[in-house]
Structures are given as C-alpha cells and as structure tokens.
Amino acid sequence: MRRYRDFHRESIEQPDAFWRREAARVHWETPFDAVLDRSNPPFARWFTGGRTNLCFNAVDRHLASRAQQNALVYVSTETGIERRYTYADLHAEVNRMAAVMRSLGVKRGDRVLIYLPMIPEAVFAMLACARLGAIHSVVFGGFAAPSLAARIDDAKPMLLVSADAGARGGKVIDYAPLVDEAMSRAAHAPPHVLLIDRQLAPERLDAPYLVHYEPLREQFYDARIPCEWLESNEPSYILYTSGTTGKPKGVQRDVGGYAVALAASIDYIFEGRPGDTMFTASDIGWVVGHSYIIYAPLLAGMTTVMYEGTPIRPDGGIWWRLVEQHKINLMFTAPTAIRVLKKQDPALLHAADLSSLRTLFLAGEPLDEPTATWISDALGKPVVDNYWQTETGWPMLANQGGVEALPQKLGSPGVPCYGYDLVLRDEHTGEPCASGQKGVITLGYPLPPGCMQTVWGDDARFVRTYWESVPGQQVYSTFDWGMQDENGYVTILGRTDDVINVAGHRLGTREIEEAISSHAAVAEVAVVGVNDAVKGQAALAFVVLRDAAAAADPKAADKLATAIATTVDRQLGAIGRPARVHFVSMLPKTRSGKLLRRAIAALAEGREPGDLPTIEDASALQQIREAVNAAGERQGR
Ligand code: ATP
Ligand code: MG
C-alpha cells in the first residue's frame, strides 16, 4: 500500500503542491493566484483568481483533436430513439441552447432550473448554463409539483427548462400539469418556461409563460456564444440532496475546483482514458449524473452514454447489449439496479460480448457482499464500490486503481481517497476511533476541490449542519457511521440516525441487513428498530425474496423466516436477531434507490410516515402496513 499511502499523505500534508499539479489538467484562461485560500474556515476557496469555464473544458477544448469523436451517445428504450453527437455536434447544440437562453434574458450568475427527463437537451442545457456562467439546478424529472415548487422558491431561477413529457417503463408522464402546478404554487416562478417538445404528450400552447425551444433553436442555428470566464469560486450549480433524511439541502458547487477534482478522479479512481466510452446508468437529477454522465467523461475527452429507460425493458439483457454495441469500457450504476438484475435470467448476461468492459463502479448505497460477489462473478470483471455524497461531488472512499490497485475487501468501499482527511470519530467525545471501533465518518478542514462550497443562500446552515455536530471539533460530518480496519479500509454501517438500541447494545441496522443478505433466498432487505417494552428497541426485518413463491404458504414462510433470523444469530449473535421477519415484494425507496428506513420504522410502529415527495412507488408503503398488521393479528393484538 506504499504508493497509495504516500500519495494520500502528500494530498493532506501538502495540499498546495498536490492540487497545483492536478490543476494542470484543465485550461485556465487566467492562471490562479493561490491554490487554496483558507482564511475563513470552514469555507475553503480553491484556485483563487484563476478564471476558467466548465463548458470550455468539457467541449471546446476537445475540438482541436476530437471534433469527430462521439461525445454523447443517447439511447432511449422508452421511445426507441438513438442519437450520436460528436464533439463538434455537441459544441453546435450547446451554442444554440446558450443563444436561446441568452435571448430569454439568462446571464452570468442567474439560476436556471432544469426539469427534464433523460434527453440530450438536458446535457445541452446544463453545458449552455456553464457556458454563459449561469447556475444550473437540475431537478429530477420524476419529482412532483410541490418538490419542484420548493426548489424554484429556493433557487429563484430566471428560467425553467422543461419538456412535454417523461417516460418510464413504457408509461408516458405528462409534465404539463406538474409544471403548471409548480409555477402557480411557487412565489418566485420565473417569467419563462422553455419547452422541449418530444411530441409524447398532446401539444399545448396555452400557458402564458411557455416558450417553444424548436423554433428558437432554428433561429439561432449558427449562433456562436463565447464562454464566460468565471473566477474559480463563482458557483457552477446548485443540486439538492436526495432528501432521504429530511429537507433537501441546496448543495452549491464552484467552477475551478470541480473541474480539477473531476478530471483527477477520472484518472485516479475510474482509470478512464481519453477516447474511452463510459456508461453511467443514473439520472442527470442526481450527483452521479452531474459528475459521471456529464462533466467528468467530457472533461476527459471520453464518450458518454446517456440512457433513458429501466434495466429490465425490453428485457434484463439491455444494459449488456449496450456494452457490446457501444464498446463500453467503464460502467457506473447503483447497487439497487444490480439487485434488480439479480432477479433476472443470468443467461441474458452471458448472451452479450462484454470484452470491452473493464470495470463496473457502484455507488449510492451499501453494496452487500452477496450482490458484489454475484455481479463480479457473473461479469468476470472487477467491481469497485465507491462511497460519497451529493455534498462531496466525487468519491471519498474507493479502491483507487489509478493510484495503486489494492486488494479488494468485500463489504467495504475501500480506503480514503486522496484529498480527503477522513477520520472516524467517537460520537460522544469527538476523538478519533481505534481501528475496529465504530464511529462517525468525518472529514477534516479543508474539504478538497470539488466539494460543496456552502448551502445555497445559507452559509449559516452550512456551518451549523455540517461543521458543528461533532463534539469539540470543527470537522465535517457525513452523518454516516463506519468502522476502519488496521489497513485503512472503511466499512459503512449506515446513517447515524439508523442506529438502534437493543437491550443496551447499539447496533447499526446495516449490520443486521448485511447478515440477512447472506441468506441465499434473500434479494433485498430493510431492517428498522421499533419500540419494545422490554428491550428498548427491537429489530424488524422486511425481506424481498429472490423467488416470492418460497413464502407462498404460511408454513413455508414461517420456516423461512426462522432460517433467516438464525443466519443473523450466527453472524452477529442473538442480540442482532430480528424480532420478526416480514416478506414483501418491494421496499419503499427514494427515486434515487435509497431505502426510506425512517418511513418503514414509522409504519412498523403504527405511525404515518408523513410527506415523502421523493418516494419511488408509494404502494411499497401499503405492503409494509399490511405485513405489520397481519403479524399483529396473528399475535392477537
Ligand atoms: P439527504 O442528505 O437529503 O438525506 P441522501 O443523503 O440520501 O439525502 P445523497 O447525497 O444522494 O443524498 O446520498 C449520499 C448518502 O448515500 C451517503 O451519505 C451514504 O449514506 C449513502 N452512500 C453513498 N454511497 C455509498 C456506498 N458506496 N456505500 C454505502 N452507502 C453509500
Ligand atoms: Mg445526505
């Protein structure tokens, strides 16, 4: 681990020298005066005085050498549309979009809210904002009107860019009612909505704020809009966190630091090379989409594949066929997608030629060992778990193959990435943990380039929320719980509010889930704590089986539940054994695939979970309710 250790140490002890070197990966129109301004902690300013532009670095800079290389390959299995854009094409489209936005009054520093499905125009719009120096805020296209309105009021945009409709699993979702409702609910509604007409929903011309994109695009077809040279610390975008644990926070990011951080990460963590093809199966509404569908692959001169559709339509082999057709080298998605694929026929995976694929990256939620083993065996390729947050913009923990390939440790996303002074701390004393001791994952000041600058419009909230929660220390809290071994590998044990207390023992629900996942019949599981008169709290498990028929009759279900509970006994001891195991066909998750444990816990205690604007499928809640009620009746409650 020598090379990795030296590299990491240099990044922490000599950040100026380290990041000055990395900054050479991007074009600076004006060189920076200083690498790091640490005069106002916990705020950090990277590359002060330097002027650059994200769009220039992602697009224009490649025109000299890769104008005819594909920059963006778009595939929609919802509409059957497939399009390819070379760097020259992308440059032209971004200029058109930028000209259209400018004609609608958008200028440097203005916010533009982008509420779009996975269509190429979303990429053009984001890059056009970057070009103009406007601040984009992408709102996931699946959100309902109240979520959209709340983000409009927080960001106060000059323009909203939207489409007639989204499509998911073969169903068209008409955006018009959502946009209209959000526009009338919002106190700070923008004067215009720029409408991309996909011709999926009935045409409409009624709303006074509607402006159609297509005729304006024609009008500005040959437009060339110069890049605004922004000071490195001007904001590039606002992105709201997923809202798994509460009110979403508007994460604000800079320009220069983000460009440098992403360009370095593609090399050191993803081992991507110019000309490679990367397929990140996520959504532009999430941070993974911002960083690894759009900015990082384009900054690196790669081809990025943008996909609209689910992993199982028309069948569970679609992603693997994309790998074959587009000679994809790097793939990145979330464990939840792999768990979906695990329930499909494995023959679909072997039907495609996967020889171009080098590595599969997974992030966003815990990667349980059985899923990791299943997918890496099935693919015969390395699987790299990486841990980060909307706030950080790029991985905090990973096996960084481009620095030094370290042995993989199943169940751990690896070791701290360069730039992050990552320390596990005791939640009561704030002191660093010994290896093997559970603690809160914290980051020392300064956060490396690419991380959030502040909460949009609310510096005090940034300081209070992130930097004042560990006793006696001004460190950044991730609000995640972990454990580090003597070699530096960190295991994520769940969120700090997902800890339950059973008869005086503090247990991470994630540890119990990990034990349950090792049972062969289990596809997915959520464990929550509920109040218990005797033990304080008791663990309840909600299990999705790989084969639902296995629990079809009550006797078989009881037997299986006991067998699953016993697995926990063996791995964690009887203390972790769930008081009950319930079978459901689906778990409540956010649209980004994260388990809504707090909602499950509320239902398990007979309370209502409250508003869940980011939930994927609300019928999953009903299943939890029914499972809990049925168990109550059986026990004669
Ligand atoms: P909110 O902060 O609004 O509640 P959120 O935390 O779900 O939403 P994100 O920033 O999308 O929003 O998610 C980051 C979180 O996802 C991390 O803090 C961690 O809990 C979890 N996570 C991400 N990657 C991994 C991983 N590889 N292993 C385990 N957990 C992960
Ligand atoms: Mg979070």
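Atoms within each ligand, like the ligands themselves, are counted from 1 in listed order.
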Checklist line | Qualifying residue, where the test is side-chain contact (heavy atoms from CB on, under 4.5 Å) with S291 and the options are F332, Y258, W394, W286 | finding: Y258
Notebook entry, point to check: So, N399 versus Q408: side-chain donor-acceptor pair below 3.5 Å or not?
Noted result: no
Note to self: If the cut-off is 4.0 Å to any non-hydrogen atom of N386, which atoms of ligand 1 fall inside it?
What the structure shows: 24 (N), 26 (C), 27 (N)
Note to self: Taking 4.0 angstrom as the limit and counting only heavy atoms of K249, give me the atoms of ligand 1 inside it, by number and element.
What the structure shows: 2 (O)
Next item on the list: Compute whether any side-chain donor of one residue and acceptor of the other, for W388 and N386, lie under 3.5 angstrom apart.
Entry: yes
Next item on the list: Quick one: look at K594 and ligand 1, take heavy-atom pairs under 4.0 Å, and tell me if it's side chain, backbone, both or neither.
Entry: side chain
Check: If you measure every N/O of T478 against every N/O of ligand 1, is any gap under 3.5 Å?
Finding: no
Next item on the list: Heavy-atom distances under 4.0 Å are what count here, so tell me which part of D480 touches ligand 1: side chain, backbone, both or neither.
Entry: side chain
Note to self: Can a side-chain donor-acceptor contact be found between Y292 and T304 if the only test is distance below 3.5 angstrom?
What the structure shows: no
Next item on the list: Enumerate the atoms of ligand 1 whose separation from the nearest heavy atom of P366 is less than 4.0 angstrom.
Entry: 28 (N), 29 (C), 30 (N)
Notebook entry, point to check: Counting only heavy atoms, which portion of W388 has something under 4.0 Å from ligand 1: side chain, backbone, both, or neither?
Noted result: backbone
Notebook entry, point to check: Any luck finding a side-chain donor-acceptor pair between S11 and Y420 under 3.5 Å?
Noted result: no
Next item on the list: Using distance alone, decide if ligand 1 has a nitrogen or oxygen within less than 3.5 Å of any nitrogen or oxygen in L362.
Entry: no
Check: Roughly how far apart are L330 CG and F361 CZ, rounded to 0.5 Å?
Finding: 5.5 Å
Notebook entry, point to check: Heavy-atom contacts under 4.0 Å between E365 and ligand 1: side chain, backbone, both, or neither?
Noted result: backbone
Checklist line | ligand 1 atoms in contact with T390 (distance to a heavy atom under 4.0 Å) | finding: 9 (P), 10 (O), 11 (O)
Checklist line | Residue pair S592 / T590, side-chain donor-acceptor N/O under 3.5 Å | finding: yes
